[in-house]
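Notes follow the structure.
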Amino acid sequence: MATGALATAGGLLTACGTEGTAQSADSCVSEDTSATDKKLAFSNWPQYLDVDEKDESKHPTLISFQESAGIQVTYTEDVNDNDEFFGKVQNQLSGCQPTDRDIFVLTDWMAARLIRLGWLQKLNKANLPNVQANLLRSLRARPFDKNDEYAVPWQSGLTGIAYNGSVTGEVRTIDELLTRADLKGKVTFLTEMRDTMGLMLLSSGHDPSNFTEAQFDDSLEKLKRGVSSGQIRKFTGNDYTSELTKGDIAACVAWSGDVIQLSAENDKIKFVAPDSGLMLWSDNMLVPNKAAHKANAEKLIDYYYDPSVAAELAAYVNYICPVQGAQEKITEIDPELAENPLIFPDDATLNKTKVFMALDEAQERSYSTKFQQAIGA
């Protein structure tokens, strides 16, 4: 995610109360006017699209799409937080009303919630040939969208370990973060349950993509010991970045996108794939119910899966590019970016990744409550 998005990459569970009325394709029928109305509305996170160096109000790839497709795009950076955005659209989607958006971009766990509620339109794969051909294998058949019917990754990222080599030696494992004496009080974990608990499950020998309540509790007890011993200084959003840069914290659970930016300014700051594995997350393009320009939206989604376009986008945003073939194309823009493992992870790295298990409403409430109590939130 872009700066500002990272602070709430997974967000916290929406305050207690009903999520809203579930819908289905039968209960909420959407009419597509794309054939006669050549426009669409696209909501995204801030700083998550390429900009013209001379005019930051212009987005070169989006301009090219509009010119080639003949579709006018209203682009708005109004997704600042998953839960906040859910609040913006909850009443409309629960009531089968238009949100005045044809695409919005939300993180895996929120995409899973909207799929569960029946608030998204199923995508027509025949309109997505580039997606079918070029979506990374590691991002197919994810637990919350097993048939790849609703969510197409915009950008992805990794959750692992970062450390500042100016104040500590290399850190390879989550257990080191939790027990190494020289790190005591100089470690932070993330407030996002799926990132922190995903790594905790891995370090405890469990599978974050398929775990039991007992395994979650086992991993949570391990985290609690790190809290009670004073090993963990605190839990953060992306505000860990300034403290890591200053050396106030020595090591932390971190997002790869942050670390690319930090390491560009300080080569002592390193991102590490924990020996037990990494968490992989994505922000996804979604088409909501009652979006009136679904086919137009599918054209835009597919456009960004052209490797040349994806490379141009990746060169600006510096997150994991979900498009096969973009790595070769980006060498024409910046050869160094093509070699950056945090933008183009190799197969060995991707094979170490897990996507957090899709949760039903009861599980989400239970696990989030337990986690919040454990971290003192």
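- In terms of hydrophobic clustering, with Ile, Leu, Val, Met, Phe, Trp and Tyr side chains grouped at heavy-atom distances under 4.5 Å, V51 and F42 are assigned to a common cluster.
- Atoms NE2 and OH, from H59 and Y48 in turn, are 15.0 Å apart once rounded to the nearest 0.5 Å.
- Taking the side chain to side chain donor-acceptor pair (under 3.5 Å) definition, one finds that D218 meets it with H206, sequence neighbours left out.
- Taking the ring-ring contact (aromatic ring centres under 6.0 Å, His included) definition, one finds that Y304 meets it with W154, sequence neighbours left out.
- Looking at residues two or more places apart in sequence or on another chain, you find a ring-ring contact (aromatic ring centres under 6.0 Å, His included) between F104 and F85.
- Judged purely by distance below 3.5 Å, without hydrogens or angles, the side chains of S282 and N284 never pair a donor atom with an acceptor atom.
- Results of the side-chain hydrogen bond (donor to acceptor under 3.5 Å, both in side chains) test with Y240 over D258, T188, T245 single out D258 as the only residue that passes.
- Side-chain contact between M279 and E192 is absent, with no heavy atoms from C-beta onward closer than 4.5 Å.
- With hydrophobic clusters built from ILVMFWY side chains whose heavy atoms lie under 4.5 angstrom apart, V167 does not share a cluster with F271.
- A salt bridge does not link D248 to R233: none of the charged side-chain nitrogens sits closer than 4.0 Å to a carboxylate oxygen.
- By the salt bridge (Lys or Arg N to Asp or Glu O under 4.0 Å) test, K294 is found to be paired with E298, residues two or more places apart in sequence or in another chain being considered.
- In summary, the side chains of T107 and R194 do not present any donor paired with an acceptor at a separation below 3.5 Å, with no hydrogens or angles considered.
- Looking only at side-chain heavy atoms (C-beta outward), L106 and L286 come within less than 4.5 Å of each other.
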Contacts table for residues 66-77: side-chain donor-acceptor under 3.5 angstrom, sequence neighbours left out:
{"residue": "Q66", "atom": "OE1", "partner": "V73", "partner atom": "N", "Å": "2.9"}
{"residue": "Q66", "atom": "NE2", "partner": "L62", "partner atom": "O", "Å": "3.4"}
{"residue": "S68", "atom": "OG", "partner": "S64", "partner atom": "O", "Å": "3.0"}
{"residue": "S68", "atom": "OG", "partner": "F65", "partner atom": "O", "Å": "3.2"}
{"residue": "Y75", "atom": "OH", "partner": "N44", "partner atom": "ND2", "Å": "3.1"}
{"residue": "E77", "atom": "OE2", "partner": "Q47", "partner atom": "N", "Å": "3.4"}

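- Considering CG of L49 and CD of E312, their distance stands at 9.5 Å, rounded to 0.5 Å.
- Contacts of D50 classified as side chain to side chain donor-acceptor pair (under 3.5 Å), with partners at least two apart in sequence or in another chain: T61.
- Between the side chain of S24 and the backbone N or O of S27 there is at least one donor-acceptor pair closer than 3.5 Å.
- Within the structure, the side chain to side chain donor-acceptor pair (under 3.5 Å) test picks out the following pairs touching residues 340-351 (sequence neighbours left out): D346-T349.
- Every residue two or more places apart in sequence or in another chain that forms a side-chain contact (heavy atoms from CB on, under 4.5 Å) with A338 is listed here: Q327, I330, T331.
- For K125, there are no side chain to side chain donor-acceptor pair (under 3.5 Å) partners at least two apart in sequence or on another chain.
- Distance alone, capped at 3.5 Å, places no donor-acceptor pair between the D102 side chain and the A291 backbone.
- S256 is linked by a side chain to side chain donor-acceptor pair (under 3.5 Å) to nothing, counting only residues two or more places apart in sequence or in another chain.
- The closest side-chain heavy-atom distance from Q215 to D207 is not below 4.5 Å.
- Residue pairs meeting the salt bridge (Lys or Arg N to Asp or Glu O under 4.0 Å) criterion with at least one partner in residues 219-228, sequence neighbours excluded, are D175-K222, E221-K224.
- Under the ring-ring contact (aromatic ring centres under 6.0 Å, His included) criterion, F356 pairs with F211, not counting sequence neighbours.
- The side-chain heavy atoms of S204 and F216, taken from C-beta on, include no pair separated by under 4.5 Å.
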